[in-house]
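See structure below.
Convention: sequence-line order gives letters A, B, ...; per-chain numbering from 1.
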Number of protein chains: 2
Amino acid sequence: MSDRQARKQAVTQADVARHAGVSGAVVSYVVHGGPRPVAAETALRVRASIEALGYRPNASAAALRTGSSKLLGLVVPDIGNTLWADLTVAAGRCAADRGYDLITASSEGSATIERQHLQSLAGRQVEGLLVTVVDMVDPDVAGITGTGIPTVLLNVFSDAPGVSSIGVDARRGAADGVTHLLGHGYRDVGLIIHPDETVELREQGWEQALGSRGPIERGPSTRQGGYEAALRLFGRPDRPRSVFVSSDMQAIGCLRALWELGLRVPEDVAVVSFDGAADSAFTTPPLTVVRQPVGLMARQAVDLVLDGGPARRIVEPATLTVRKSCGC
Amino acid sequence: MSDRQARKQAVTQADVARHAGVSGAVVSYVVHGGPRPVAAETALRVRASIEALGYRPNASAAALRTGSSKLLGLVVPDIGNTLWADLTVAAGRCAADRGYDLITASSEGSATIERQHLQSLAGRQVEGLLVTVVDMVDPDVAGITGTGIPTVLLNVFSDAPGVSSIGVDARRGAADGVTHLLGHGYRDVGLIIHPDETVELREQGWEQALGSRGPIERGPSTRQGGYEAALRLFGRPDRPRSVFVSSDMQAIGCLRALWELGLRVPEDVAVVSFDGAADSAFTTPPLTVVRQPVGLMARQAVDLVLDGGPARRIVEPATLTVRKSCGC
DNA sequence: CTGAAAGCGCTTACAG
DNA sequence: CTGAAAGCGCTTACAG
């Protein structure tokens with residue numbers, strides 16, 4: 001067993017240089033293909049030494065020297081929400097395409113944890129920050145902009161200077177979903193949505209399309225939250241014949257509640273939800289959804305933070321994807 | 001707008017030192033509470049300067065100096081698989097508890113990408129590596145051990161020196177699941193499992209409990225893969241009355257296929273699956289599962305890589321969680 | 001085409 | 001209790 005393996009000491013540039021009989025600079029030149037030219041024969045020798053020694057440049061040292069960490073940060077409230085899981089996958093892929101690694105942090109629904117992660121990521125000199133905020137009503141903009149790192153918000157539009165936003169027109173998307181239900185002839189459309197009592201775009205879209213307010217039940221954007229909200233909504237005597245659910249996670253919980261209640265979808269209750277994450281196509285029955293294009297949003301977000309330029313606000317359409325739960 | 005904000009230049013220790021009228025060493029002492037004592041009054045002044053300037057220590061510099069990156073790496077085949085999403089969340093939480101950040105990389109089912117991520121993580125000097133390998137039959141152990149970083153495998157047991165493994169007794173878990181189905185009186189139990197034709201523990205457990213081999217359909221461990229496999233399995237004339245599915249993802253696809261086929265669960269077909277991720281409790285009907293304790297596994301894995309010590313092999317029980325899909 | 005040297009921002013013996 | 005200085009492993013002008 002070689003010395004380096006025995007000690008678990010990393011091989012450094014200096015080790016390679018010594019082994020190849022060149023200076024550290026030359027090693028760096030061949031690793032990066034520049035900025036100075038290297039004689040073909042020398043390069044060959046260096047590459048052989050790199051291979052033989054198993055050299056991998058120390059990313060911390062490179063980051064310190066160049067000021068570029070090749071790191072992107074992503075903060076989501078909950079990776080257990082498949083929409084954010086989808087987003088994480090897409091962002092990771094885009095980052096990798098550009099030679100970046102992604103540090104993903106879950107704030108677990110807590111603004112405090114969110115802020116801690118943001119601070120930590122800033123300390124790691126991430127070169128861009130993608131964040132889906134916990135508190136959509138009053139995002140911790142100070143904690144976000146204070147880092148001075150190019151940032152894009154993915155679930156809320158902010159006017160804060162220097163912060164970009166990418167998202168869908170949620171009000172319109174919700175209105176489209178509700179309108180579709182209305183088109184099936186349902187007069188009443190219930191709503192299951194998260195607990196923020198304040199202005200919420202999806203709620204506005206629902207109300208707007210309905211022309212009035214119907215029965216609402218609130219709960220967290222989780223499967224369990226949707227399950228409990230649906231139990232309340234459909235447990236009452238005047239239960240609605242259809243429901244618009246503000247997230248796939250809640251809709252999945254809702255489907256289970258309806259099943260337990262012995263109500264068939266869509267025969268007894270028609271369901272349309274917001275998000276359109278991967279699993280929404282595999283429920284029983286498959287959910288008709290208003291889809292957020294997270295793959296596209298992730299790519300744009302990565303491009304935005306990495307390509308510099310002024311803060312922007314990008315609105316993508318949320319499009320209705322008709323499956324079975326609406327009764328079509 | 002202050003100079004530093006205008007330039008987006010990070011505040012350094014030297015800036016704080018100048019502002020507080022002390023040396024850089026003292027700034028470091030108060031940030032870390034040591035290793036040298038600092039006069040209370042001085043510390044107060046330094047903390048005020050840190051606050052005023054918005055100083056955050058450069059993690060790359062600290063990592064370079066101390067040799068400790070405070071970073072853990074996690075490589076999974078697919079974050080879209082809720083089991084791995086659950087694992088990612090749990091590992092992130094455990095890492096955070098110990099002051100570490102987690103870099104999560106998705107190998108997207110490709111051994112090549114897996115190796116690239118491993119190399120990249122090694123270059124970042126992560127202090128521990130948790131990996132669920134793509135190829136369970138012939139994992140890229142060289143690519144894993146070659147990094148010299150404490151590593152734990154989470155979905156396969158390896159004999160490779162210096163590599164720990166944590167996992168469930170998959171054969172026994174599968175056998176328990178099949179036995180449960182047998183206990184309901186079903187004579188035939190089909191199997192839906194991933195395509196590796198070679199020795200697979202879950203397949204062995206199924207065969208062992210059954211005492212023979214029943215109908216098998218293979219496909220990737222995704223919702224779509226399970227959907228297609230189930231369409232084949234239940235499309236044939238001699239379709240089985242029950243099925244053991246080797247992952248929740250496939251089981252979810254299977255449920256959709258059964259629904260499309262007009263077969264009721266559990267009345268027409270009883271289903272038990274392996275994994276027990278968060279969403280398995282919210283299908284229609286809720287899945288009876290053989291559960292992998294990923295939260296526990298994540299904690300043990302983090303402890304193992306961080307606490308040093310020799311490579312270990314930890315086997316956790318996979319326990320049957322009875323819900324509705326089995327007909328109980 | 002190649003090498004010697006400075007310096008990125010920290011932490012930590014060491015000296016006072 | 002505090003400070004001056006070395007050095008972690010790189011990259012990159014600069015000189016040759």
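- Within the 4.5 Å cutoff, no side-chain heavy atoms of A:Val46 are placed close to those of A:Val38.
- Under the salt bridge (Lys or Arg N to Asp or Glu O under 4.0 Å) criterion, B:Arg313 pairs with B:Asp159, sequence neighbours left out.
- With sequence neighbours left out, B:Glu108 forms a salt bridge (Lys or Arg N to Asp or Glu O under 4.0 Å) with A:Arg93.
- The side-chain hydrogen bond (donor to acceptor under 3.5 Å, both in side chains) analysis of residues 23-37 of chain A, with sequence neighbours excluded, yields no pairs.
- Within the structure, the side-chain hydrogen bond (donor to acceptor under 3.5 Å, both in side chains) test picks out the following pairs touching residues 81-91 of chain A (sequence neighbours left out): A:Thr82-A:Asp279.
- Put simply, CZ on A:Arg18 is 19 Å from P on C:dT2, counting in whole angstrom units.
- In this structure, CD1 of B:Ile50 is placed 13 Å from C1' of C:dC10, rounded to the nearest angstrom.
- Applying the salt bridge (charged side-chain N to carboxylate O under 4.0 Å, His left out) definition to pairs two or more places apart or across chains, those involving residues 111-128 of chain A are A:Arg115-A:Asp140, A:Arg124-B:Asp101.
- When the salt bridge (Lys or Arg N to Asp or Glu O under 4.0 Å) test is applied to A:Asp78, no partner is found at least two apart in sequence or on another chain.
- Distance A:Arg45 CZ to C:dC1 C1': 12 Å, rounded to the nearest Å.
- DNA chain D forms stems at C:1-3 with D:14-16, C:5-12 with D:5-12, C:14-16 with D:1-3, each a run of 3 or more consecutive Watson-Crick or G-U wobble pairs whose two key distances fall under 3.5 Å.
- Distance CG (A:Asp15) to C1' (D:dC8): 13 Å, rounded to an integer number of Å.
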* Structure fact -> With sugar-phosphate taken as primed atoms, P, OP1 and OP2 and all else as base, the protein-contact string of nucleotides 11-16 of chain D at under 4.0 Å (heavy atoms; B, S, -) is BBB---
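- As a whole-Å value, the separation of B:Glu41 CD from D:dT2 C1' is 14 Å.
- The two residues A:Val294 and A:Ala90 come nearest to each other via the heavy atoms O-CB, 4.4 Å.
- With distances taken from any side-chain atom of B:Thr12 to the nucleotides C:dT2, C:dG9, D:dG9, the minimum falls on C:dG9.
- Distance, A:Leu64 CG to D:dG7 C1': 12 Å, rounded to whole Å.
- Residue contacts for A:Thr42: at a heavy-atom cut-off of 4.0 Å it reaches the sugar-phosphate backbone alone, with no base atom in range.
- Residues that satisfy the side chain to side chain contact (heavy atoms under 4.5 Å, CB included) test with B:Ile314, not counting sequence neighbours, are B:Ile166, B:Gln300, B:Leu304, B:Arg312, B:Glu316.
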